[in-house]
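What follows is a single structure, written as structure tokens, with notes after it.
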Amino acid sequence: DIVLTQSPALAVSLGQRATISCKTNQNVDYYGNSYMHWYQQKPGQQPKLLIYLASNLASGIPARFSGRGSGTDFTLTIDPVEADDTATYYCQQSRNLDTFGAGTKLELK
Amino acid sequence: EVQLVESGGGLVQPGRSLKLSCAASGFTFSSFAMAWVRQAPKKGLEWVATITSGGSNTYYPDSVKGRFTISRDNAKSTLYLQMDSLRSEDTATYYCAKVIWAGGYFDYWGQGVMVTVSS
């Protein structure tokens with residue numbers, strides 16, 4: 001199984017940059033694509049797709065969100081952070097079946 | 001507008017069965033793979049099952065393989081999850097999700113339905 005590791009929590013100030021990391025124990029690249037995706041989940045709500053294939057912004061998602069990485073190391077960046085961004089962020093790999101990271105809870109300082 | 005509406009959840013005793021449904025609208029259901037993802041209380045997301053657009057291929061993690069069965073009725077635009085031999089660790093909110101097969105990601109999610117396994 002591919003295991004995804006995320007830091008449990010991150011605290012940032014309004015207007016600053018938040019960088020959330022996701023590391024995998026196996027390479028999730030295949031034929032030029034990185035099969036890594038990011039979701040946002042607010043309390044009591046379903047997850048929402050933010051970034052797909054490592055760096056592609058999903059429909060309707062503001063450009064403050066961006067993703068990068070390849071192989072086994074990936075990051076989701078929110079710049080600048082707004083109050084509405086407080087949520088838990090999950091990475092997901094689809095290179096070999098599907099697994100999720102444990103989530104990173106983003107809080108405001 | 002894509003809509004996914006789950007139903008069929010509730011309280012069930014360990015060892016018993018339950019069947020979830022997900023009614024889809026706003027897209028051509030028969031053209032897309034679909035999946036179930038669950039979330040135990042206060043925990044993270046766990047993929048449960050995926051079915052291809054025509055229903056001929058299904059995929060499961062080891063945690064539910066042999067106990068859960070995903071299926072679909074394209075004429076009714078409805079996805080199902082048959083859950084047998086339920087355990088307390090299956091207690092979770094179950095989400096139905098639309099799959100983009102080429103990338104393997106979930107672009108739309110339902111609001112979820114709660115399943116509680118307890119005596």
Side-chain angles (χ1 to χ4, degrees), chain A residues 1-9 20 22 24 26 28-61 67 74 76 87-106, chain B residues 1-7 9 20 22-24 26-27 32-52 57-65 68 70 79 92-114:
Chain A
D1 288 7
I2 299 180
V3 177
L4 284 63
T5 301
Q6 297 183 247
S7 298
I20 297 170
C22 178
T24 64
Q26 298 178 39
V28 298
D29 293 353
Y30 188 69
Y31 279 97
N33 285 319
S34 295
Y35 288 84
M36 178 60 68
H37 323 293
W38 292 93
Y39 302 86
Q40 176 194 66
Q41 187 180 33
K42 297 180 181 179
Q45 296 185 16
Q46 68 268 54
K48 178 195 294 185
L49 176 68
L50 298 176
I51 300 288
Y52 62 93
L53 295 172
S55 61
N56 297 277
L57 198 63
S59 176
I61 303 302
F74 297 87
L76 171 71
T88 300
Y89 293 84
Y90 293 94
C91 54
Q92 175 231 341
Q93 68 79 27
S94 58
R95 174 65 181 88
N96 183 5
L97 297 181
D98 297 281
T99 48
F100 289 89
T104 297
K105 188 172 184 179
L106 180 65
Chain B
E1 179 194 3
V2 172
Q3 286 200 321
L4 299 169
V5 180
E6 302 93 338
S7 61
L20 306 182
C22 170
F27 65 102
F32 290 90
M34 297 293 295
W36 290 95
V37 177
R38 69 183 179 185
Q39 186 170 37
K42 306 292 187 185
K43 300 294 185 182
L45 302 169
E46 180 187 16
W47 166 69
V48 170
T50 296
I51 186 168
T52 51
N57 295 97
T58 58
Y59 307 87
Y60 308 92
D62 288 344
S63 58
V64 306
K65 194 178 295 182
F68 289 12
I70 188 172
L79 178 72
T93 296
Y94 285 74
Y95 296 101
C96 160
K98 175 174 168 284
V99 179
I100 299 301
W101 186 256
Y105 54 92
F106 311 111
D107 64 340
Y108 288 94
W109 299 63
Q111 84 288 348
V113 63
M114 184 67 198

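So that the names make sense, note that chain A is the first sequence line, chain B the second, and so on, each numbered from 1.
- At a 4.5 Å heavy-atom cutoff, B:T93 makes no contact with chain A through either its backbone or its side chain.
- Heavy-atom pairs under 4.5 Å with chain B were tallied for A:L49, A:D98, A:L53; the largest tally goes to A:D98.
- Interatomic distance, B:Y105 OH to A:H37 NE2, rounded to the nearest 0.5 Å: 8.0 Å.
- Between chain A and the residues B:Y60, B:Y108, B:F106, the largest count of heavy-atom pairs under 4.5 Å involves B:F106.
- Close approach to chain A, defined as a heavy atom under 4.5 Å from one of its heavy atoms, is seen in B:V37, B:Q39, B:K43 of residues 33-43 of chain B, taken by number.
- Ranked by non-hydrogen atom pairs under 4.5 Å with chain B, the options A:Q45, A:Q93, A:K48, A:Q41 are led by A:Q41.
- If you measure heavy-atom distances from B:A102 to chain A, the contacts under 4.5 Å come from the backbone alone.
- Looking at A:Y39, the atoms closer than 4.5 Å to chain B (heavy atoms on both sides) all sit in the side chain, from C-beta outward.
- Annotation: maximal heavy-atom pairing with chain B below 4.5 Å, among A:P47, A:P43, A:S94, A:A102, occurs at A:P47.
- Here the closest heavy-atom approach between residue B:W109 and residue A:F100 is recorded as CH2-CZ, 4.0 Å.
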